[in-house]
Structures are given as structure tokens and as C-alpha cells.
There are 2 protein chains.
Amino acid sequence: MSIPSATEFVDQHRPAGGRRSDKRDVIVEIFLRQQGHIAADALVDLVRRHDARISRATIYRTLQWMVDAGIARRVDFGDGRFRFEHAYRHPRHFHFICKKCHSSLEFLSSDIETLIEEIAAVRGFEPDQSVLQIYGLCQGCRGGIAADRASFPTDAVFARDALRIAIATERSGREFYARAAKLTRDARGRRVFEKLATEEIDHLNRLERRYQQLLDQHPGLEQQPAFLFFKGAANGLFAAGTEELKKGVDDRKALLIGIRCERGSHRFFKRYGERFEESEGKRVFLQFADEEREHLDLLIREYRLRAPRRRRPSRDARRRRA
Amino acid sequence: MSIPSATEFVDQHRPAGGRRSDKRDVIVEIFLRQQGHIAADALVDLVRRHDARISRATIYRTLQWMVDAGIARRVDFGDGRFRFEHAYRHPRHFHFICKKCHSSLEFLSSDIETLIEEIAAVRGFEPDQSVLQIYGLCQGCRGGIAADRASFPTDAVFARDALRIAIATERSGREFYARAAKLTRDARGRRVFEKLATEEIDHLNRLERRYQQLLDQHPGLEQQPAFLFFKGAANGLFAAGTEELKKGVDDRKALLIGIRCERGSHRFFKRYGERFEESEGKRVFLQFADEEREHLDLLIREYRLRAPRRRRPSRDARRRRA
DNA sequence: CTAGGTGCAAATAATTTGCAGAGGC
DNA sequence: GCCTCTGCAAATTATTTGCACCTAG
């Protein structure tokens with residue numbers, strides 16, 4: 001389950017019944033080396049520099065082949081020509097497009113995607129892919145400081161942001177459980193929350209170590225602007241639990257609240273992670289989802305072990321028995 | 001300040017130093033009669049049916065002229081040709097595009113637009129216009145019931161949705177003030193909240209009358225699917241106030257809370273209304289914004305009138321005086 | 001041997017432009 | 001009369017295709 005190399009990535013996507021060809025391999029290889037998007041014509045230039053005998057038609061055909069195979073995506077900035085960007089370690093995303101210098105910034109927003117899905121459901125539409133392009137002026141062209149166009153692999157930034165979301169989620173979980181422990185009078189319930197809080201701290205530490213590792217691997221990564229924006233993920237998950245705390249909570253109830261939170265977290269990360277092509281970021285999402293799932297299973301087992309508190313049989317029952 | 005007719009709309013947008021021409025007028029007139037979007041070629045057919053001597057080039061040139069003047073918008077569905085839609089009583093919007101039957105549904109989401117602005121600000125980008133196209137399968141092509149393609153003027157649906165948001169906001173305001181009145185122990189504070197609640201009911205009634213009027217004007221309008229989606233507007237505004245109620249509130253504090261809520265509401269509707277071309281929906285937004293502003297001013301005056309409660313001078317002060 | 005793959009040149013398709021003449025102000 | 005608008009045909013631009021040839025399996 002490790003991340004494939006570029007060659008493996010292409011091989012995985014190669015359609016059955018196709019033949020190999022040196023020229024196509026050259027074109028694909030040069031294409032995959034590109035950061036961001038490239039127009040067909042620009043790719044022709046690049047390829048020609050390498051081998052002048054490769055014709056323009058072949059390059060167009062290969063581009064089409066890559067799009068069909070899922071190796072490339074065709075994007076349209078509305079200026080009458082298509083650009084292509086590769087999918088290798090490069091999730092689908094949205095674009096800010098500068099009208100002046102024609103540069104573009106990439107980003108993704110889980111919140112926007114969630115809203116799109118909600119609205120589509122209301123209108124009975126089954127969305128398949130969304131194109132969001134925001135035209136305007138970039139920082140540089142507005143006379144501000146130009147954002148550094150250092151070409152970090154999107155994948156690394158994506159992984160970083162995925163980890164940041166995971167960390168934010170754990171933090172918010174830790175805070176919730178700590179607060180819950182303070183508020184809970186029932187001793188057993190309190191102990192459950194305390195344990196949950198400790199576990200969140202453990203998990204948080206692990207995530208933070210992994211984050212640090214990633215930063216060590218890519219010096220300067222932390223300063224890269226955000227790629228993946230999210231608000232709902234971390235904020236929404238624990239909100240529902242807060243209300244219930246007021247009613248007083250015993251150990252089983254506490255476990256139930258924990259189960260609900262972990263399940264929400266698990267689902268969000270699972271669902272979101274599944275949306276992406278193989279990449280470090282996808283792995284962060286899915287791994288975190290798995291970890292939440294494990295924790296969830298543990299809580300469920302714990303819940304089942306604790307028999308419901310014996311209640312004094314009701315007056316009716318006592319009378320009937322007598 | 002009434003809504004201009006189509007002719008007035010064109011005249012308002014006509015650039016200075018241009019000359020009139022019958023042919024162009026014909027093209028513009030036929031174009032403005034269209035619902036939804038139309039490809040240049042299709043417009044050529046339509047215009048030719050009216051006057052066969054108008055050349056293709058003139059129609060392309062007029063289309064360009066309309067886009068420059070802000071009468072038309074050019075939209076790109078990525079299939080290699082542009083479509084045009086007019087701006088007259090037709091706010092900018094997003095599209096669901098069916099990959100099978102090539103139909104399209106229009107919608108707008110204040111929440112998505114807010115998120116876009118927030119993200120743009122973080123990335124230092126100054127957004128000017130956003131293109132959001134969601135490709136997939138429409139209800140009809142999925143084998144469900146086809147949505148009725150009854151061609152309601154977008155403007156009417158937009159106005160309806162704007163009123164719905166305003167009504168939802170008032171409702172949530174009324175509920176908040178009623179709850180606040182119940183929770184407030186201080187008699188003067190309670191009376192302030194009670195008065196606010198009554199005022200909201202008045203306002204709500206007025207809005208509902210207006211809504212009914214609109215429905216009477218356009219039979220079948222209520223059944224049209226939603227065009228404008230919103231979640232944040234009504235929900236978010238009164239949330240902050242709820243926390244404060246717990247701390248106990250006197251009349252001045254109650255007024256302050258009311259002021260904050262009305263101000264939030266005013267700002268949202270003002271800002272959102274200003275984004276649109278002249279239309280019934282824009283008017284609903286701006287009028288509602290004005291009404292909130294009036295209410296706000298009233299509250300502020302009321303607040304100023306009420307002197308702060310006299311406090312017993314502190315022990316230090318008494319000692320100093322002695 | 002045969003189904004793809006490739007090169008070349010020609011075709012396409014939507015849109016734009018040069019230029020001569022028509023027409024609004 | 002001047003400057004803009006219009007019609008026609010030719011140009012442009014990015015992309016696709018027909019066809020003869022090539023080559024991997």
C-alpha cells in the first residue's frame with residue numbers, strides 16, 4: 001500500500017489492449033515532470049526539444065490518451081485553449097486565475113465541496129466533477145508581495161494540510177473530553193472522559209511527530225500557503241456532544257458520546273480520503289480514518305462490556321411479582 | 001429607483017461614443033428575449049429568421065459588444081464553444097451541467113461565495129468573478145422525474161428566495177428574542193426583549209405579506225426549485241447572543257445584544273444585495289437591509305437614552321471623599 | 001501477421017479580421 | 001463629412017482526421 005512511483009502510476013492506468021511506444025513514453029515522461037498545468041502547444045515545444053521528430057498530432061493524441069486513462073486532466077481557463085495537468089500525486093482542485101499575469105493558484109476546500117454536494121442533492125443532480133475557477137488579481141499584480149512561486153509538490157502541501165486537519169480535530173477532541181471530565185459528576189462517567197482525553201493526547205502526540213517528520217523531509221514546507229481549506233471538519237464534530245453534557249452523564253452515556261464523536265471523525269476522513277488519487281495526503285486521511293476506527297471499535301467493545309446499571313424494578317413489577 | 005425595462009437596461013449600459021444601428025438593436029432585442037444561455041451559432045439562426053441579411057460577423061461583433069457593455073455574459077461549458085446569457089434581471093450564478101442531455105440548472109449559494117471570499121483573502125487574491133460548474137447527471141437522465149423546465153424568469157425565483165432568507169432571518173430573530181425574554185430575570189431587560197420580539201413579529205408579517213403578493217403575481221412560483229441557497233445567513237446571526245443570555249442581562253445589555261444582531265443582519269443583506277444587477281431580488285435584499293438599519297438606529301437611540309445604572313461609589317471613593 | 005501507433009498534410013469548427021461600402025449624427 | 005457599423009470573404013487558432021506507413025507483440 002505504498003505510494004507508487006510515477007512509472008508505476010502510469011502502468012496502473014495503462015488501458016488493456018494498448019501497445020507500448022517509445023514516443024508516447026517520452027511524451028508522458030516529460031508531461032509528468034511538469035508542475036502545474038501546461039498547454040498542448042507548450043508541451044509540443046518541450047517534447048520537440050527532446051526529439052524533433054515527434055509530431056504535433058502524436059502529442060495531441062497522447063494527451064487525449066492520458067486524459068482517457070486518468071493520468072491527466074484537461075482544464076479550461078476560458079481563453080480558447082486547453083491546459084493539461086497530471087493527476088500523479090496531484091489531487092483535483094480549484095483555481096484562482098490572475099487576469100493580468102495569467103498565473104494560477106490551486107486550492108481545495110472541503111467546506112465548498114460539502115456545500116456543492118448538499119445543493120446538488122436538493123436539486124436532484126448527481127455531481128461527478130466540479131470546476132471552480134475564480135478570476136481576479138493575484139497578490140503580485142495587485143502590487144503586494146508576490147507569493148513565492150516555489151514549486152513544492154502539491155502532494156507534500158496536501159499531506160501537510162491533511163495532517164493539520166487531523167491535528168485540529170484531535171485538539172478539539174481533547175478539549176471536548178477534558179471539559180466533559182470536568183463537568184461530569186458521575187465518577188465512572190468522569191473516568192471514561194478522562195481516559196478518552198488521555199488517549200486523544202497520545203494520538204495528538206503521534207500526529208504531531210508525523211507532522212514534524214514531514215517538515216523535516218521538506219524544508220520550507222511550513223511556509224507554503226495553504227492548499228486544503230477546511231472549517232467544518234474539526235469544528236462541527238464535537239458540537240453535538242456539548243449539549244448533552246448538561247444533562248448529566250454516566251459512564252455508558254459518556255462512552256456513547258465518545259463513540260458518536262469518533263464515528264463522525266472516522267467518516268469524514270474516510271470519505272474525504274477516498275476521493276483522491278494515490279498520494280501522501282490521501283494516505284494521511286485514510287490512515288487517520290483507520291486510527292479513529294480502531295479507537296471507535298475499542299469504545300464500542302468497552303460500551304458492550306458495561307452492563308446497564310440495574311434499576312430497582314418498578315412498582316408495577318414488584319406488585320405483579322408478589 | 002424602480003426596475004428598468006429591458007430597453008432602459010440596454011440604454012443604461014450603452015457605452016459613450018457609440019453609434020446606434022438597427023441591426024444591432026434587432027440582435028440585442030432577440031438576444032434579450034432568450035431564457036438561459038444561447039450559443040453564438042444558435043443566435044445567428046434566430047436572427048437570420050428575422051432578417052436574413054444580417055451577417056454572422058455582425059452577430060459575433062454584437063455579442064462581443066454586449067459582453068463589453070455588461071449586457072451579456074460569456075459562459076464556457078468546456079465543449080469548445082461559448083454560450084451567452086443576458087444580465088438583465090438575471091444575476092450571475094453557478095451551473096449544474098448535465099453530461100448526457102447538456103441541459104443546465106442555475107443556482108447561487110451565499111455560503112459558497114462567502115467561503116470563496118474568505119479563502120481568497122487568505123491567499124492574497126482579489127476575486128472578481130467566480131465560475132463554478134458542476135458536471136454530472138441531471139434528475140431526468142438519472143431516470144428520475146425530470147425537473148420541470150418551466151421557464152420562470154430567474155428574477156422572480158431570485159426575489160422569492162431573497163424573501164425566504166429575509167423571512168427565515170426574522171423568524172430566527174423572533175425566536176431568539178422570545179427565548180431571551182423568558183430567560184431574562186431583570187424586568188427592564190425582559191421588557192426590551194419582549195418589545196424586540198413584537199417588532200420582529202410585525203416585520204415578519206410584512207415580509208410574509210410581500211411574499212404572498214409575489215406568489216400571487218407569479219402562479220406556480222412557489223413550486224419552482226430553489227435558486228439561491230443559504231445556510232449561514234439566518235443561522236449564524238443570533239448564535240453569539242445566546243451565550244450572553246446565560247450571564248444575566250439588564251436592559252442596556254439586552255439592547256446591545258439586539259443592536260449586534262440587527263447590525264449583522266443589516267450588513268449581510270446590504271453586502272449581498274449590492275452584488276447584483278438591478279432586479280427584484282436585489283431590491284428585496286436592499287430594502288430588507290434598509291429596514292434592518294432603521295430598526296438598528298431605533299435601538300441605538302433607545303440605548304443612548306438609557307443612562308447607565310448608578311452604582312454605589314466604591315469604598316476607595318467614599319474614603320477619599322471623607 | 002495485425003492491431004495499434006505515427007507523421008504529414010489537409011480538414012474542421014468557432015471565431016476574428018481586413019477592407020470596401022453603407023449609414024447614423 | 002466623419003466615424004462607426006456592416007457584409008463578405010479570407011484568415012486565424014487550436015485541435016482533429018484521413019491515409020499511407022511503421023512497429024510491437
S.K.: Return the value, rounded to whole Å, for the distance between atom CD1 of A/Ile59 and atom C1' of D/dT17.
M.R.: 17 Å
S.K.: Could you tell me how far apart A/Arg56 (CZ) and C/dA9 (P) are, to the nearest whole angstrom?
M.R.: 13 Å
S.K.: Just how far, in rounded Å, is P of D/dT6 from CG of B/Leu63?
M.R.: 13 Å
S.K.: Please determine whether a side-chain nitrogen or oxygen atom of B/Arg24 lies at a distance below 4.0 Å from atom OP1 or OP2 of D/dC5.
M.R.: yes
S.K.: How long is the line joining CZ of B/Phe82 and P of C/dA13, in whole Å?
M.R.: 17 Å
S.K.: Report the residue (A/Arg48 or A/Trp65) whose heavy-atom-nearest nucleotide on DNA chain C is the more 5′ of the two.
M.R.: A/Trp65
S.K.: Given atom CZ of B/Arg20 and atom P of D/dC5, what is their separation to the nearest angstrom?
M.R.: 12 Å
S.K.: Regarding A/His93 and A/Glu106, do their side chains bring together a donor and an acceptor under 3.5 Å, going by distance alone?
M.R.: yes
S.K.: State which of C/dG7, D/dG7, C/dA14 makes the closest approach to the side chain of B/Tyr60.
M.R.: C/dA14
S.K.: From the options C/dT6, C/dT15, D/dT15, select the nucleotide whose nearest atom is closest to the side chain of A/Arg81.
M.R.: D/dT15
S.K.: Between C1' on C/dG24 and CG on B/Asp25, what's the gap in Å once rounded to a whole number?
M.R.: 12 Å
S.K.: Could you tell me how far apart A/Arg53 (CZ) and C/dG5 (C1') are, to the nearest whole angstrom?
M.R.: 15 Å
S.K.: Does NZ or CZ of B/Arg123 come closer than 6.0 Å to the centre of the six-membered ring of B/Phe125, within 45° of the ring's axis?
M.R.: no
S.K.: Take the angle between the ring planes of A/Phe152 and A/His218 and call it parallel below 30°, perpendicular above 60°, tilted in between.
M.R.: tilted
S.K.: Relative to the ring of B/Phe9, is the ring of B/Tyr88 parallel (under 30°), tilted (30 to 60°) or perpendicular (over 60°)?
M.R.: tilted
S.K.: Is a donor-acceptor pair below 3.5 Å formed from side chain B/Arg61 to base D/dG7, judging by atom type as modelled?
M.R.: yes
S.K.: Reading DNA chain D from 5' onward, which residue's closest nucleotide shows up sooner: B/Gly18 or B/Ala52?
M.R.: B/Gly18
S.K.: From C-beta outward on A/Ser21, which listed nucleotide comes closest to its side chain: D/dT15, C/dG24, C/dT6?
M.R.: C/dT6
S.K.: Please determine, for the side chain of A/Ala57, which listed nucleotide (D/dC5, D/dG7, C/dA9) has the closest atom?
M.R.: C/dA9
S.K.: Ignoring the backbone of B/Ser55, work out which of C/dT6, D/dG7, C/dC25 is nearest its side chain.
M.R.: D/dG7
S.K.: Looking across every strand, which nucleic acid part, if any, lies under 4.0 Å from B/Ala39 by heavy atom: base, sugar-phosphate, or nothing?
M.R.: nothing
S.K.: Which word best sums up how the rings of A/Phe285 and A/Phe276 line up, parallel for under 30°, tilted for 30 to 60°, or perpendicular for over 60°?
M.R.: parallel
S.K.: Are OP1 or OP2 of C/dA22 and a side-chain N or O of B/Lys23 less than 4.0 angstrom apart?
M.R.: no
S.K.: For B/Asp22 and for B/Arg19, find the nucleotide of DNA chain D with the closest heavy atom, then tell me which residue's nucleotide is more 5'.
M.R.: B/Arg19
S.K.: Can you check the B/Ile38 CD1 to C/dA14 C1' distance for me, whole Å?
M.R.: 15 Å
